[in-house]
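The chains referred to below are lettered A, B, ... by the order of the sequence lines, with proteins before strands, and numbering in each begins at 1. As the structure is a prediction and not an experimental result, all values here were calculated from the model.
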Number of protein chains: 2
Amino acid sequence: MLETRKVHSHVVAEELEEEIIAGIIPAGSRLDETSIAERFGISRTPVREALHILCGRSLAERVPYKGVLVVQISAERIDQMFEAMAEMEATCGRLSSQRMTMSERAELERLHQQMNALAEAGDHGGYDTANAAFHELLFQGSHNSDLAAIAQALRVKLAPFRKYQLKDTGRLKRSCIEHQQIVDAILDQDGRAAETALRRHLVSAAQEVLIRRQIQDSATSKPTFSPA
Amino acid sequence: MLETRKVHSHVVAEELEEEIIAGIIPAGSRLDETSIAERFGISRTPVREALHILCGRSLAERVPYKGVLVVQISAERIDQMFEAMAEMEATCGRLSSQRMTMSERAELERLHQQMNALAEAGDHGGYDTANAAFHELLFQGSHNSDLAAIAQALRVKLAPFRKYQLKDTGRLKRSCIEHQQIVDAILDQDGRAAETALRRHLVSAAQEVLIRRQIQDSATSKPTFSPA
DNA sequence: TGCAGCTGCGTCGTATACAATACTCACAGC
DNA sequence: GCTGTGAGTATTGTATACGACGCAGCTGCA
């Protein structure tokens, strides 16, 4: 995580990534090199680099002589992504329960307790940040950089859809209860329990997001983005 | 899988990828834009695009104002990749056992029988090709495109190391026996058995490759590539 | 002798110009 | 009225030039 901010292409890539994740740039839309270049006040060259970076992160796809398209993700696909995420987290959790160092376990519990407090306070922003750290620690705890990287990449890809999550205290409380089971399983070195707890945790999160999306979709009655 | 061969950057990216996978370009070495451009008789621009593609596939890393380095993959890292592969295949296998359509199951068994014949004939090339199809079918059978894509990508990344596999009939026979258990479990819709069989199958394959590598490494006594 | 700063060189990052390709739309022929 | 073909336009891919940065080696001073 070196600071490489001075490089235009990275700045543009991060900015665009955030906008895609935030939904400001809708899925399926085309990323026009010229207009992006004009918007950032730079030439097309660094923009092209940025677009390549996005493609590398599977947030967009490049079609030769046609352009770069923000990946189109159907509701069914989101469902699949959550399932994949659940499986990855379950696997990482099982391995973590067996392999985490004492300091990692301590950090996990510390984070969990901090999140309990944040949930109690109703601090959604703080909670979500801590939550990201919680799950990343879980990935790292597997002590398998490939699994961790895959899980993290999936989490990023799912980020755009998490924003549909409810902003009520109930969600945080439920999340905390589920996290408790996860933490317990890991501290007890019970791989199977960790796996089960994580799978349930992700399934419930997915359900929430998917249901939320259905509500929003039917409300705005979005006519399935104009093809091309 | 559209043909995009006419684009220089893709041609260069594929060529470089093959050379990295084949070990012609050693891990840790720097990919100089100018020399690569000269070698292919093109300008630096498409070379840069190619290098971005390689970075996107995690085959290289870019350091601003310093260059692109071919990722260093240690023996420990290979071990981790095999473990990740095992977990992915186990997961896909479990899902496949529950979700495969009748035609998919039929195709799986057909492939397996064909591979038995190839193993009997000692046709390593044919066997490895069929084997790739076998495992890809397993991924597809999970009916989760994300899991399938992740598993497939991992398989590609591991490809460089499979070439160390022994070329004896014993390996094919052992593989067939293990495949038999996988096929049985899936046809019986026994998720747990499929998971277990696949994990064992991958672990044994990994062991073989890793042992093989140790032999080769000690023979050539490679002095852990010069750092930067 | 040792080191701090400078300088020159190599490489990367960016800007701009040009070539190649795909899409649009109008028009001719049926 | 419909379809196929063609030129025109817009956008991407590539080449080249130039500025920015990192590094190595040298010089000058303490």
Among D:dG13, D:dT11, D:dC18, the nucleotide that comes nearest once only the side chain of A:Asp32 is considered | D:dT11
Measure from the side chain of B:Ser43, starting at C-beta and using heavy atoms only, and say which of D:dT11, D:dC21, D:dA15 lies closest.
-> D:dA15
Is the backbone N or O of A:Val156 less than 3.5 Å from a side-chain atom of A:Arg57, with the two atoms forming a donor-acceptor pair by type?
-> no
Sub-3.5 Å donor-acceptor pair from the side chain of A:Arg62 to the main-chain atoms of A:His52, do we have one?
->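 No, the answer is negative, given that no donor and acceptor are paired below the 3.5 Å cut-off.
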Is A:Arg171 salt-bridged to A:Asp128, cutoff N-O under 4.0 Å?
->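 Looking at A:Asp128 together with A:Arg171, the answer is yes, because their closest N to O distance falls below 4.0 Å.
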If the plane angle is over 60° it's perpendicular, under 30° parallel, otherwise tilted; pick one for B:His112 and B:Phe134.
-> tilted
Of A:Gln98, A:Glu104, A:Arg99, the one forming a side-chain hydrogen bond (donor to acceptor under 3.5 Å, both in side chains) with A:His143 is A:Glu104
Whole-Å distance between D:dA15 C1' and B:Glu49 CD?
-> 12 Å
Comparing A:Tyr65 and A:Arg44 on DNA chain C - which has the more 5′ nearest nucleotide = A:Arg44
5' priority, DNA chain C, between B:Val68 and A:Pro46 [closest heavy atom] = B:Val68
Polar pair under 3.5 Å, donor/acceptor by atom type, side chain A:Thr34, base D:dT12 | no
Contact boundaries of DNA chain C with chain A (under 4.0 Å, heavy atoms), 5' to 3'?
->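 Taking any atom under 4.0 Å from a heavy atom of chain A, the span is C:dG13 to C:dC23.
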